[in-house]
Amino acid sequence: MKNYFSIQDIDSLPDWVNEAIEMKKNPLSDKTLGVDKTIGLLFFNPSLRTRLSTQKAALNLGMNVIVMNFSGEGWSLEYEDGTVMDQGTSEHVKEAAQVVSQYCDIIAIRAFAKLENREDDYSEKVLSSFIKYATVPIVNMESATGHPLQALTDAITITENKKNKKPKVVLSWAPHPKALPQAVANSFVEMMQHMDAHFVITHPVGFELAVQFTKEVPIDYNQENALKDADFVYVKNWSSYNDYGKSSQDPSWKITEEKMKLTNDAKFMHCLPVRRNVVIDDAVIESENSIVIEQANNRTYAAQLVVKKILENQ
Ligand code: SN0
């Protein structure tokens, strides 16, 4: 594998999930694989889990890690060809990507959707420019349209926690005070189509995700109906794809203890960070069925597996 841009880069999901679960038992088993190699983590947006778990993963493989926050600290990058750069942008991605490639053996990038222009976001301008101009592998740490490290984490977490062969998994939209990207939901939806699961999406009318991700997945506009008999409830807010970037705070979609009673004693999942008592009630995130902390722990093993696969290919 050269780049980890989307879950399409996973050649065999069951093998990857099993390998990650094995790696979790002995995280230092490949501690010399990355010796004398450097991973550079470039952040255009905030992070807690992604930054620390990816660093931890690289350290477990013996790598050196360098981190740069672009927002505020880096030069503002230009992505268009042939621009007369007499406005706000200081450096073209063509130079930046080639320069960083000389310092790093792998570059990982976080660049969220701006939610201003759907075509711009869905063209994956930042990630695809780095993939085009960098001379080393690129790892997606949440791009405009996807968060494949999170989705791999979620596949590992569901596999570890499932009680039956084909669990019912429900992705539920929830309210949020801010307009958030569709990236986490897109990659989760994509991932669930590769897993042995009864998968249902529930959200208010107008919050349909892009059909290129949802394909034939059933959508139930009635949240309570969708939650019935669920084994896993995965909660996430996203802004509208059709009315691009429109948000909603409709409190009737918040996940409560009452709603969780409709499920088959479901495990509660969220990628974090989560707005307590807006997205979910305290009682749900603090319940025994909440596996969000364990889910966040698995971020390390998802990242470690991806970096390992890239190192083995170098
Ligand atoms: C991001 C998102 O894509 O939804 C990252 C999730 C891993 N989430 C947020 O930006 C939440 C910000 C907030 O203020 O709650």
Side-chain angles (χ1 to χ4, degrees), residues 1-41 47-67 104-108 110 136-142 147-165 167 169 187-188 191-192 194-197 231-232 234 267-272 288-314:
M1 183 177 63
K2 184 157 191 309
N3 303 306
Y4 187 65
F5 171 66
S6 82
I7 73 153
Q8 307 301 330
D9 294 309
I10 299 174
D11 52 12
S12 166
L13 181 64
D15 290 344
W16 280 44
V17 168
N18 290 335
E19 220 179 301
I21 292 171
E22 283 307 306
M23 182 178 259
K24 188 175 175 179
K25 293 180 193 154
N26 188 4
L28 297 177
S29 58
D30 297 297
K31 66 180 179 197
T32 58
L33 184 66
V35 166
D36 297 335
K37 299 228 168 159
T38 301
I39 188 167
L41 312 182
S47 172
L48 187 154
R49 279 146 292 276
T50 299
R51 177 166 170 169
L52 295 182
S53 66
T54 310
Q55 285 199 45
K56 176 79 178 176
L59 293 171
N60 284 348
L61 294 166
M63 298 185 83
N64 297 313
V65 186
I66 51 185
V67 184
C104 302
D105 301 281
I106 300 175
I107 303 172
R110 163 160 286 191
V136 298
I138 301 291
V139 174
N140 181 345
M141 296 195 296
E142 187 172 337
H147 195 353
L149 285 175
Q150 182 66 50
L152 179 56
T153 301
D154 300 334
I156 296 165
T157 310
I158 289 173
T159 304
E160 286 181 320
N161 282 280
K162 69 181 185 181
K163 293 189 201 122
N164 47 345
K165 195 175 173 303
V169 179
S187 291
F188 185 73
M191 179 58 88
M192 284 308 112
H194 289 87
M195 300 228 354
D196 203 9
D231 297 297
F232 292 89
Y234 194 103
K267 300 290 187 198
F268 170 79
M269 297 176 72
H270 191 286
C271 64
L272 305 180
E288 275 192 1
N289 285 10
S290 168
I291 55 172
V292 295
I293 305 301
E294 182 185 344
Q295 186 184 355
N297 186 38
N298 284 338
R299 291 295 311 273
T300 298
Y301 308 106
Q304 191 169 331
L305 185 70
V306 165
V307 173
K308 180 181 171 213
K309 298 257 179 212
I310 293 173
L311 288 172
E312 282 171 346
N313 197 37
Q314 275 185 332

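Computed over heavy atoms, backbone and side chain alike; hydrogens, waters and symmetry mates excluded. This structure is a prediction, so every number in the text was calculated from the model and none was measured.
In this structure, I156 CD1 and M23 CE are separated by 9.5 Å, a value rounded to the nearest 0.5 Å. To the nearest 0.5 Å, atom CD1 of residue I310 and atom CG of residue L305 are 10.0 Å apart. How far CD1 of I21 is from OH of Y301: 12.0 Å, rounded to the nearest 0.5 Å. Between Y234 atom OH and I291 atom CD1 the span is 10.0 Å, to the nearest 0.5 Å. With rounding to the nearest 0.5 angstrom, the CG atom of L149 is 12.5 Å from the SG atom of C271. Here CG of L152 is found 9.0 Å from CD1 of I7. Values are rounded to the nearest 0.5 Å.
Exactly one residue among L28, I39, V35, D30 makes a side-chain contact (heavy atoms from CB on, under 4.5 Å) with L61. That residue is D30. Test Q295, K267, E294 against N161 for side-chain hydrogen bond (donor to acceptor under 3.5 Å, both in side chains) and you get one pass: E294.
By the side-chain hydrogen bond (donor to acceptor under 3.5 Å, both in side chains) test, S53 pairs with no residue at all, sequence neighbours left out.
In this structure, S29 contributes its side chain and N26 its backbone to a donor-acceptor pair below 3.5 Å. A donor-acceptor pair under 3.5 Å is formed between the side chain of D9 and the backbone N or O of S6. Under a 3.5 Å cut-off, the side chain of Y4 and the backbone N or O of I138 do not form any donor-acceptor pair. N3 places no side-chain N or O within donor-acceptor distance of the main-chain N or O of F5, the cut-off being under 3.5 Å.
Q314 and D105 share no side-chain donor-acceptor pair at under 3.5 Å. A donor atom on one side chain and an acceptor atom on the other are found under 3.5 Å apart for D15 and S12. With hydrogens and angles left out, the side-chain atoms of N298 and T153 include no donor and acceptor closer than 3.5 Å. Side-chain contact annotation: D154 with Q150, donor-acceptor N/O pair under 3.5 Å present. Between the side chains of Q304 and K24, not a single donor N or O lies within less than 3.5 Å of an accepting N or O.
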>> Would R110 and L41 count as a side chain to side chain contact (heavy atoms under 4.5 Å, CB included) here? Give the steps.
In response: CA-CA 8 Å; R110 163 160 286 191; L41 312 182; over 6 Å; no
> Do E19 and K308 pass the side chain to side chain contact (heavy atoms under 4.5 Å, CB included) test, and can you show the C-alpha distance, the side-chain angles, and the key distance before you say yes or no?
Replying inline: CA-CA 11 Å; E19 220 179 301; K308 180 181 171 213; 3.3 Å; yes
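The heavy-atom pair separating S187 from A151 by the smallest distance is O-CB, 3.6 Å.
More than 12 heavy atoms of other shown residues, nucleotides or ligands fall within 6.0 angstrom of atom NZ in K2. Counting heavy-atom neighbours within 6.0 Å of E312 CD, excluding the residue itself, gives a total above 12. The neighbour count for N313 CG, taken as heavy atoms of other residues, nucleotides or ligands under 6.0 Å away, is above 12.
Inter-residue side-chain proximity for M63 and I106 is flagged as met; some heavy-atom pair is nearer than 4.5 Å. Taking the side chain as every heavy atom from C-beta outward, M269 and V169 never approach each other to under 4.5 Å. The shortest side-chain heavy-atom distance between N64 and I66 does not fall under the 4.5 Å cut-off. A heavy-atom distance below 4.5 Å is found between the side chains of K309 and W16. No side-chain heavy atom of T38 sits under 4.5 Å from any side-chain heavy atom of V65. For the pair I10/H194, no side-chain contact is recorded, criterion being any heavy-atom separation below 4.5 Å from C-beta on. With a 4.5 Å cut-off on side-chain heavy atoms, L13 and V17 count as touching. Proximity of H147 to T50: side-chain heavy atoms (C-beta onward) are separated by under 4.5 Å at one or more points.
Salt-bridge formation is not detected for the pair K162/D231: no Lys NZ or Arg NE/NH1/NH2 atom is positioned less than 4.0 Å from an Asp or Glu carboxylate oxygen. Taking 4.0 Å as the cut-off between side-chain N and carboxylate O, E22 and K25 count as a salt-bridged pair.
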